[in-house]
Protein chains: 2
Amino acid sequence: MPNFLIAKLQWFTPLSDADRLALHGATAKRRQVGAREDIAHEGQAHGPVRMILDGWACRYRQLDDGRRQITAILLPGDLCDTHVNVLCEMDHSIGTITPVTLAEIARDRLDALVGSRPIVGRALWWEMLAAVSVQREWTVNIARREGIARLGHLFCELFHRLRAVGLTRDFGYGLPLRQSELADALGLTEVHVNRCLRALRDRDLITLRGRWLTILDLPALERASLFRPNYLHLGRRNAANAVGPVPARPPETYRYGSSHYQSAR
Amino acid sequence: MPNFLIAKLQWFTPLSDADRLALHGATAKRRQVGAREDIAHEGQAHGPVRMILDGWACRYRQLDDGRRQITAILLPGDLCDTHVNVLCEMDHSIGTITPVTLAEIARDRLDALVGSRPIVGRALWWEMLAAVSVQREWTVNIARREGIARLGHLFCELFHRLRAVGLTRDFGYGLPLRQSELADALGLTEVHVNRCLRALRDRDLITLRGRWLTILDLPALERASLFRPNYLHLGRRNAANAVGPVPARPPETYRYGSSHYQSAR
DNA sequence: CGGTTCATTGAGATATCTCAATGGTCGTGG
DNA sequence: CCACGACCATTGAGATATCTCAATGAACCG
């Protein structure tokens, strides 16, 4: 399995072989979690720093009345809790969408890594700040865009983030989220998500069949969703070894974890 | 002027005299900004790390159609951009609400401070993580609560955050936000904010006169707003010198910056 | 092959928005 | 000290996005 974290960090800065090796070493300890299980729960004390090696997960907060709000989608290569152990306890939960492979990194190990490899430390800072920026944009998206644009905006974001780690194929990617989960992420109702999806299809902006999303006209979808990718901070990598914005080869896999989802035929 | 940052950090950890002195020294360089001006603008390269010494400000993002969304309220003692210089450019703007006194801290100076004083470094980590947690809660608030609760939730949050730095008096505080700014923060319309305010007043939960907000029944308001303060991470300070949750004395000031706003009579 | 989960559709209810007008407050200049 | 203008708060009425409840249909799994 390719290391998606390394792939992502190189959008920010080139990493030496030694850096890569150190990152590989730190993420060697792995754990499997099934689909739709909790990785961490609100109120828990903090454990090790976790990283999504493969599969999809999400942060969410459960409301008293049973509804929940997903506040972030975690994709392969995403870190769950950089240095979050500074806080006493979790204020939200993390659950899986698909089966997930985690790397667990002991806090002192991470500190040592950051201490000995400043480039890696800076790259991890970037990863965290970019995640915060995404969080801000979610606030804007939910507050100010109407259903159709909100949904389209999420699809655009996921496309760019997945492309950064090589998990897109052309203009499509595997989308394991159910409509109820899209609703939980967007602050909408399952029913309304369904209708907005139909609208996006009717406008020939996307297709969605068999858990595979295809963006038929990315510029048009971005326009319709008021999407501007700057907040992802994937734009101009300041790497010397920069390659094109799109990975040259299609990704090796678009299945999630074990073969839980089918691709489009 | 008391140093609100120090006051806030001590909710997380006790600071030695030397720590306090170092923080004081780092925030010595100051700048004044008028009300409703931009401190930083989207697209700009990053400058020094900024801290709000006094006054209110906000992060916001401007949408193409002229509307804007405020994504965070910055209160005295809040840091604007901890280590954000890692990113190439700002993805949002920061503007003042009231006249603001800023401290500007050069990046290398901050690095040196964090390097030489690990307690301060950890405390600044806490401050950043708590801010991210607030950001997540804003997403939940806007996504899942209806107007009245949304407004009430914001009032509760501001109360707790201001109390942590000693800027409340009993159950009230100065609220310099206009209704249009409340609307921009909550993803509502100015008109609707007005009606929700009336509803909160009619239910005897708050009064708001002359830029002074009084919470008439905090537990009731928190209940009505589905507010739980855990996400603020101000709950259990692990300080040895912990005092009660409410500062013993009323704050020295509840005017913003220069005497721009009147208190309640 | 039957059951469970998920997606789709309809119709009525409600929160919020839009547009437009009126009223209040405050600072400024005459 | 008053009058004016600018800005902000308030109210009304109709429009629209989204929700709720409920039912049906499709897909998938054991």
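Numbers restart at 1 for each chain; the letters A, B, ... are given by sequence-line order, proteins then strands.
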Counting only side-chain heavy atoms from C-beta out, which of C/dA20, C/dT8, D/dC19 sits nearest to A/Q179? C/dT8
Does C/dA7 have OP1 or OP2 under 4.0 Å away from a side-chain N or O of A/N194? no
Report the distance from atom CZ of B/R145 to atom C1' of C/dT16, rounded to the nearest whole Å. 18 Å
Could you tell me the separation between the CD atom of A/E190 and the P atom of C/dT9, rounded to a whole number of Å? 14 Å
At under 4.0 Å, does any side-chain N or O of B/R198 touch on OP1 or OP2 of D/dT11? yes
Taking the minimum atom-to-atom distance to the side chain of A/R211, which one of C/dA20, D/dC8, C/dA7 wins? C/dA7
Do you know the tightest heavy-atom contact between B/L5 and B/G77? CD1-O, 3.2 Å
When rounded to the nearest 0.5 angstrom, what distance separates CD1 in B/I73 from CH2 in B/W138? 4.5 Å
Taking 4.0 Å as the cut-off, does a side-chain nitrogen or oxygen of B/R201 come that near to OP1 or OP2 on D/dT10? yes
What distance do A/H153 atom NE2 and A/L158 atom CG have between them, rounded to the nearest 0.5 Å? 10.5 Å
Ranking C/dA7, C/dG10, D/dG12 by distance to the side chain of A/R178, first place goes to C/dA7
In this structure, how many angstroms lie between the P atom of D/dA15 and the CD atom of A/E146, rounded? 18 Å
For atom CD1 of A/I148 and atom P of D/dT16, their distance in whole Å: 15 Å
Check the distance between D/dT20's C1' and A/H192's NE2 and give it to me in whole angstrom. 13 Å
Reckon B/L197 touches a base, only the sugar-phosphate, or nothing at all at heavy-atom distances under 4.0 Å? nothing
Rounded interatomic separation in angstrom, taking CG from A/L186 and C1' from D/dA17: 15 Å
From A/L177 CG over to A/W56 CH2, what is the distance, rounded to the nearest 0.5 angstrom? 5.0 Å
A/L188 has a side chain; which of C/dC17, D/dT18, C/dA7 sits nearest to it? D/dT18
Among B/T214, B/L208, B/L162, the one residue meeting side chain to side chain contact (heavy atoms under 4.5 Å, CB included) with B/L175: B/L208
Gap between atoms CD1 and C1', on A/I142 and D/dA17 respectively (whole Å): 16 Å
Starting from P on C/dC17, measure out to CG on B/L182 and report it in whole angstrom. 13 Å
